[in-house]
Structure formats: structure tokens, C-alpha cells
Amino acid sequence: MSRSCPRLVVAALRGGAGKTTIAVAMAVALQRRGLAVVPFKKGPDYIDAAWLGQATGGLCYNLDTFLIGRKQVLDSFGRRSREDSISLIEGNRGLFDGMNHEGEHSTAELAKLLSAPLILVVDCDKVTRTTAAMVLGCQRMDPDLNIHGVILNRVGGQRHAALASRSVEDICHVPVFGCVPRVNDLPFPERHLGLVPPQEHQRVQAALNKAGDIADCYLDMEGLCLAAKTAPPWTHLLAAPNAGATADGRGRAVAVGIIRDAAFQFYYQENIEALVDGGAKIVEISAIEDKLLPDIDALYIGGGFPETQAKLLAANESFRRSLCLAAENGLPIYAECGGFIYLGESLTLDDVSYPMVGALPVAFKMEKRPQGHGYTVLEVVRENPFFPVGTRLNGHEFHYCRIISGGAGDNQTAYRVIRGMGMGAGQDGLVQKNILAGFSHLHAAGTPLWAPALIDKARRYRDARECRW
């Protein structure tokens, strides 16, 4: 059964071309016109997704053919897109950039998979007619790709905009949906992992308002709405939803804590939903504000920026102590990247060392350059709390931290790293009691064992405690 599904993919020729600002601006401007927007982010990015969620007042979902697979991408998009809304999908990196020279898992591949019209954001800084050459190159690179139109970014003035626009429209035969000038006071500052996330931004609503004003002033929003409606009907049949379980046999859901604050904010929404669908009650926790770890049956600590909050994390000694004690008593804990760092003994920034939880016998140091960046492939080779030996996992890592003491050779690790860096020496996934922590982020839709395993461990932990009582 087919249905209408207006949709657009917003892509660029490279990272840093202003694609995220344009996508957020479009989302705000569409909502100002009374149109509902369902946002998606291509790739493993958390920060852009968070801004798109803020812009629409809803949730942003990640679509990544490597992390979750093509069928799961189609299922996820089909479940969340709606006939009465415009689905806005922001790409990542350059349009054709993927895992290899063939562009596998690229934004272009995703746009074709979703049969979505594509809007190409082109950075026009210091070019005029060459803009058309760049667009034409994309058209000829893949004639099956529906490049429906172009947005010119960082134009220098009216003459510059006119020259670039006329060149694109005459040579490439696609419309230009707007010319955005250089904006010196963009509301989205950047740092080493991309934009500053909204959790750390001081004026989120002001930033969104400024972005919306940019779209209202410089983009043809009516034309973009019509472009979204040219998408063909959505015909992919959904797989039967996993009903999951809402509670155990005694009618009680397990309590799974999630540390979510300015330090830890990298969570795929699908991961949270997988836990809820499997019978978990989510308990949100702040490692900065809360004085003690609450009574929970398991803990999930995602990634984030413990380095920007290291002083506050270290200062909350009572929380660190309570978490360390819970870990020693067997609390099931799954931690990724920033969460892994937090569970260690210390985090060194420049020449200052900050104490962390101390549940894992490793110390970390923040470096100036990335220590691991890109997709990962892991094989489970040792016993651990959550995954059977032999399981193969697809993930993603992006970290500037490295281990300076207690490395992979000194501890039991669960994973052999087939692709990526991990902890080094071809290993990742440190195991200690009921803790599994590593640098890779996993997506629940691509790792269907993850949520049930965490929930099962939580139930066992709760039942064992109740027997002791």
C-alpha cells in the first residue's frame, strides 16, 4: 500500500559547507509556515541530530546503511515519516563520500534508497561559474541521483549571486532555491567534533530564530515545499513491529538509568526506544547535578564531552563514589566513549588530571588530534556481560582521548577490532564485573541483541538483590 511522503535530502560537496545550518534553518522556516517537519540525520552524528530535533520540537532519527542496514533504514524511515509532514533528511560529509572509493554508505546512496529529491548546498566562496562545474560534476557522477535543486551558500553579494545562479540554471538545468550570503555571526559555533551541541549552547532559541530568519530572507521556501512533494509515493512494506515486553512476570519494569547532561548527550533515540519497548523504565540521571546514583537495575552511559565538564564531574565526588560502589556490587553497566572515559580512574587535560569514577583500571588523556575516527567493525572474542562470543558488531568511533595507563594489554577486553582503532592493539570493550565499556558507539537497530541483553542483565541483577534481602 502506497502513501504520500513529501521528503528532501539536504547534501553538500564537503563537510563544513554550511549544510547543517541550512537544514536547521529550513526546518524552522517550514514550521513557521504551519508545516510539520520530521527530521532525520544520515550517518552516525549526534550533534546535528540534536539541533534538528530542537528545530522541530521533536525527535531526530539516524539513517545509516552501514550501522543498521538498508532494510532497517527503510523500516525506520517508513515508520516515522508521515503524509501530513515533510521529512527532512540531512546528509553527512560530501555527497559521494562513503566507506570506500565506490561511495558505499554515502549520502548519495541513501538519497537513492529513499527515492528522495536532493537539494545540494554549494559553498560559493571565491567562485562564480565554477559553481556550475561542481554541480554538473555531481550530476554526471551519478545520473540516477535526483539532484532537484541547489542552494548557494556564502555568496559575496548580488552580482556574485546572479553570476553563480545563472551559471547553474543554464548549464545544469536545475533551479537555485536560494543564495545565502556570508554571515559572520552564525548562531552555531564549531569546535573539534562539529557544532557546539544544544545542551551546551547558551541561547538555543535565539540561535534557532536566527537560523529561521536566514531561511525566510534568502531561501525559496515555497519552491522547496513543492520539491519535497515531487517525491514518489512511499511503497516500502513495514516489517511487523516488535511489541516487546512492558514488564516482567510480576508486572514490574526494570529501571535502566541513563546519564544525560551536559557531559553525556550522545544517544541514538532508537536505542532509548529499544530499551522501553523491551520492558525498561528509563531513569534519567545527571552526573553533574545528582549527589548519589539512584536505585536502578542497570546503567547506560553514552558518549559526549566529559572533557568540557571535567571539573564539574570531578567535583561531584559523592556521585562518583556511589557509582563506583554500585559497579563493585555488580550493577550492569554499558558505556560508550565518553561514558567509558568517565568510568576510568582519571582524565588529563593539558597538564591537569581530574579524578573520574575509578570503576575501571584505566587513565585517559585528551589529545589535540583524533585518536580514532570512523566506522568500526568488532568481533566479540571473550566472555562479557552482554554479547555472545562470535557476535560481529558494526559501530562508529570519534574520540580525541587515548589511554595512558592500564591499556588493552593489561585488561580483559571483549572485542577484536577488525576495522577502527578502539583502545589500541586491535582491542576494545573493557570488561570488569558487569561492566562493558569501549570507544565504539552501537545503534540498536543494527545490533538487535543489545537492548534485550541489557534488560535481561538488569532483571537478573534485581532478582539477585531481592533474594539477598
Side-chain angles (χ1 to χ4, degrees), residues 5-23 26 38-45 48-49 52 60-78 81 86-124 130-153 168 171-177 194 224 227-228 230-232 234-236 373-375 394 396 443 445-446:
C5 181
R7 55 195 183 273
L8 283 177
V9 170
V10 179
L13 297 177
R14 61 173 177 82
K19 163 178 49 61
T20 301
T21 299
I22 296 295
M26 288 171 58
V38 180
F40 297 88
K41 173 64 185 179
K42 186 272 170 191
D45 184 275
D48 294 354
L52 286 166
C60 182
Y61 293 89
N62 291 69
L63 303 174
D64 190 299
T65 54
F66 175 78
L67 281 181
I68 69 176
R70 293 169 62 89
K71 183 180 182 303
Q72 288 85 346
V73 163
L74 290 170
D75 281 347
S76 179
F77 182 79
S81 59
I86 291 179
S87 293
L88 190 63
I89 306 117
E90 185 199 345
N92 78 327
R93 303 176 66 191
L95 175 60
F96 297 104
D97 298 333
M99 284 187 66
N100 51 34
H101 73 284
E102 296 178 339
E104 192 176 11
H105 306 297
S106 65
T107 297
E109 183 182 88
L110 178 66
K112 290 194 295 183
L113 179 65
L114 299 178
S115 300
L118 186 142
I119 304 299
L120 191 62
V121 177
V122 181
D123 185 348
C124 293
T130 302
T131 305
M134 292 189 282
V135 176
L136 186 63
C138 292
Q139 291 175 316
R140 294 194 174 178
M141 183 84 167
D142 188 347
D144 294 330
L145 186 63
N146 180 13
I147 300 178
H148 194 88
V150 175
I151 293 172
L152 306 181
N153 195 26
V168 169
I171 296 170
C172 305
H173 308 294
V174 293
V176 173
F177 287 109
L224 290 166
T230 67
W234 187 256
T235 59
H236 176 73
H373 182 199
Y375 289 121
N394 286 359
H396 185 269
H443 194 292

Any sub-3.5 Å donor-acceptor pair from D97's side-chain atoms to G94's backbone N or O? yes

Can you measure from CG (L113) to CG (L63) and round to the nearest 0.5 angstrom? 9.0 Å

Using a cut-off of 6.0 Å, state whether more than 12 heavy atoms not belonging to M141 lie near its atom CE. no

Sequence neighbours left out, what passes side chain to side chain donor-acceptor pair (under 3.5 Å) with K42? Give chain and number order. N92

Please determine which of V168, V135, V176 meets the side chain to side chain contact (heavy atoms under 4.5 Å, CB included) test together with V122. V135

Would you indicate whether the side-chain heavy atoms of L120 and C138 approach each other to under 4.5 Å? yes

Should L8 and M26 count as side-chain neighbours, where that means a heavy-atom distance under 4.5 Å? yes

Which pairs count as salt bridge (charged side-chain N to carboxylate O under 4.0 Å, His left out) when at least one residue sits in residues 8-20, sequence neighbours excluded? R14-D123, K19-E90

Which pair of non-hydrogen atoms, one from C60 and one from A49, has the smallest distance, and what is that distance? CB-O, 3.2 Å

Any side-chain heavy atom of P44 sitting closer than 4.5 Å to one from L67? yes

Distance col, row L136:CG vs I147:CD1, nearest 0.5 angstrom, shows 9.5 Å

Does the pair L88 and V38 meet the rule for a side chain to side chain contact (heavy atoms under 4.5 Å, CB included), with working shown? CA-CA 6 Å; L88 190 63; V38 180; over 6 Å; no

Got a second to check how far S81's OG is from H236's NE2, nearest 0.5 Å? 10.5 Å

Side chain R93, main chain G43, donor-acceptor under 3.5 Å: no

Where do A132 and C172 come nearest, in terms of heavy atoms and distance? O-SG, 3.3 Å

By side chain to side chain donor-acceptor pair (under 3.5 Å), which residues pair with N153, not counting sequence neighbours? none

With a 4.5 Å heavy-atom cut-off, do C124 and M134 have their side chains touching? no

Once you round to the nearest 0.5 Å, how far does CD1 of I89 lie from NZ of K41? 12.0 Å

Walk me through whether L95 and L118 qualify under side chain to side chain contact (heavy atoms under 4.5 Å, CB included). CA-CA 10 Å; L95 175 60; L118 186 142; 3.5 Å; yes

What pairs of residues pass the salt bridge (charged side-chain N to carboxylate O under 4.0 Å, His left out) test when at least one of them lies in residues 131-145, not counting sequence neighbours? K112-D142

Under the side chain to side chain donor-acceptor pair (under 3.5 Å) test, residues paired with Q139 that sit two or more places apart: none

Mind checking side-chain contact (heavy atoms from CB on, under 4.5 Å) for S106 and listing every partner two or more places apart, or none if nothing turns up? A108, E109

Side chain to side chain contact (heavy atoms under 4.5 Å, CB included), that's the test. Do V9 and L110 meet it? Break it down for me. CA-CA 9 Å; V9 170; L110 178 66; 5.7 Å; no

Just so I know, are the side chains of T131 and L152 near enough to count as touching, which here means a heavy-atom distance under 4.5 Å? yes

How many angstroms lie between SG in C5 and CZ in F77, if you round to the nearest 0.5 Å? 4.0 Å

Angle between ring planes, H148 versus F177, binned at 30° and 60°: parallel, tilted or perpendicular? parallel

Checking side-chain polar atoms at under 3.5 Å, does N394 have a donor or acceptor matched by the opposite partner on H443? no

Would you find a donor on one side and an acceptor on the other, under 3.5 Å apart, between the side chain of N100 and the backbone of G103? yes

Is Y375 close to D64 at the side-chain level, that is, under 4.5 Å between some pair of heavy atoms? yes

How are the rings of F66 and H105 set to each other: parallel, tilted or perpendicular (split at 30° and 60°)? perpendicular

Atom pair CG (L114) and CG (N146), whose distance is rounded to the nearest 0.5 Å: 12.0 Å

State whether the side chain of S76 and the backbone N or O of V73 hold a donor-acceptor pair below 3.5 Å, judged by distance alone. no

